[in-house]
2 protein chains.
Amino acid sequence: MEAKKLLLQANLKATHQRQVILNLLLACKNHPTVENMYALSKKEIPSISLATVYKTLDSFSQAGIINKTLTTEGIVRFDPNLSSHGHIYCTNSNEIIDYFDNELNELVSNFFKKKKVKNFHIKKISLNIMGTKIDPDKSMSIK
Amino acid sequence: MEAKKLLLQANLKATHQRQVILNLLLACKNHPTVENMYALSKKEIPSISLATVYKTLDSFSQAGIINKTLTTEGIVRFDPNLSSHGHIYCTNSNEIIDYFDNELNELVSNFFKKKKVKNFHIKKISLNIMGTKIDPDKSMSIK
DNA sequence: ATCACTGCAAATTATTTGCATCTCG
DNA sequence: CGAGATGCAAATAATTTGCAGTGAT
């Protein structure tokens, strides 16, 4: 039970609903919304309430187990991928894919080592690439 | 009347409320919320309705006159600065300042010239730096 | 004159909260 | 056992919509 361990490490009570939600999140390869997670978890726990899903996702992102992101359209989504990465949004289809490139990470973090932001402690840098798909039926991808 | 010209260029009818809102936006050095703009415009047009402000800001961002941004907390804000720039968010105070650096822009755009994103047409790249202020009474700034 | 824009109020949607009950540790 | 989590329903917040009247081109 991977999820249980993660929860305890984060000082969260490992309730059934939390374990189910976390397992679903870890299996997710996309960036689910609250409603997505509600629908998914309802399959396993039909009695789960939407408020619990809200509270749970919130406590997960508080604890740093997942990240909260927002699309340009203002839709709240959750990102189970914690490693430093960017996002590619298609502003037509609202698709999001993760973007990860070591070279870019180096580039940006080196840059900010030189250029200091004054009176500010940087916690996270995120790069968002917005645009549109050329062939709407295929998905976008990184070379 | 700078605003009027901009509106006509964007194929939007130059109504009084739109001109007032756009002028306020152009004078703004920060990233106002809908409510901010409602309060400001109400000073000049006491009868203006909140729905109009919503619709107006929406049509402006549709037309590309301003940009819609979102804080990590999900607050919708508008950014009258259209040139390519990033944002520095303080996750405690919800302050946002623009971040612009030519060197960084070069760095990132060169990077994406090499690394192609397949089946995707990039429209905008935005870099968001999240963190906290060290001295909460002062503002953050870039060296 | 036409068609888009405005303002109002009502509707919708998203999210939060209070509280009684239950569960993990 | 006790702190903290859950589920429900109700509350709040944010945004949108329909529509009649108004105004810009």
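FYI, side chains are in, hydrogens and waters are out, and symmetry mates aren't considered; it's all heavy atoms of this structure. Order of the sequence lines fixes the chain letters, A, B, ..., with proteins taken first and strands second; residue numbering starts at 1 for each chain.
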Contact class for A:Thr15 vs. all strands (heavy atom < 4.0 Å): base, sugar-phosphate, or nothing? sugar-phosphate
Please report, rounded to the nearest Å, how far the C1' atom of C:dG25 is from the NZ atom of A:Lys4. 10 Å
How is B:Leu8 classified with respect to the nucleic acid when contacts are heavy atoms under 4.0 Å: base, sugar-phosphate, or nothing? sugar-phosphate
Round to a whole Å and report the spacing from CG of B:Asn11 to P of D:dT25. 12 Å
Taking only side-chain nitrogens and oxygens of B:Gln17, does any of them come within less than 4.0 Å of OP1 or OP2 of D:dG23? no
Measure CG/A:Asp58 against C1'/C:dT17 and give the value in whole Å, please. 13 Å
Working to the nearest 0.5 Å, report the span between CD1 of A:Ile21 and CD of A:Glu44. 10.0 Å
So, OP1 or OP2 of D:dG7: does either fall under 4.0 Å of a side-chain N or O from A:Thr52? yes
Quick check on D:dT15: is either OP1 or OP2 less than 4.0 Å from any side-chain nitrogen or oxygen of B:Tyr54? yes
First of B:Lys13 and B:His16 reached from the 5' end of DNA chain C, by closest nucleotide: B:Lys13
Could you check whether B:Ser47 gets within reach of a base, just the sugar-phosphate, or nothing at all, counting any heavy atom under 4.0 Å? sugar-phosphate
Backbone of A:Ile48 reached by a side-chain donor or acceptor of A:Thr52 within 3.5 Å: no
Upstream residue (5' side of DNA chain D) when B:Ala14 and B:Val34 are each assigned their closest nucleotide: B:Val34
To the nearest angstrom, how far is B:Glu35 atom CD from D:dA13 atom P? 11 Å
Whole-Å distance, B:Ile48 CD1 to C:dC5 C1', equals 11 Å
I'd like to know if B:Arg77 and B:Glu35 make a salt bridge, using a cut-off of under 4.0 Å between side-chain N and carboxylate O. no
Please assess A:Phe120 against B:Tyr99 for the test ring-ring contact (aromatic ring centres under 6.0 Å, His included), listing each intermediate value before the final yes or no. CA-CA 13 Å; A:Phe120 197 71; B:Tyr99 178 79; over 10 Å; no
Interatomic distance where OH belongs to B:Tyr38 and P belongs to D:dT16 [whole Å]: 16 Å
Please give, in whole Å, the distance from C:dC5 C1' to B:Gln62 CD? 15 Å
Select base, sugar-phosphate, or nothing to describe what A:Leu12 touches, counting heavy atoms under 4.0 Å on all strands. nothing
What integer distance in Å separates A:Leu57:CG from D:dA5:P? 14 Å
Under-3.5 Å donor-acceptor pair between A:Lys55 side chain and D:dA5 base: no
B:Asn36 side-chain N/O to B:Thr33 backbone N/O, donor-acceptor pair under 3.5 Å: yes
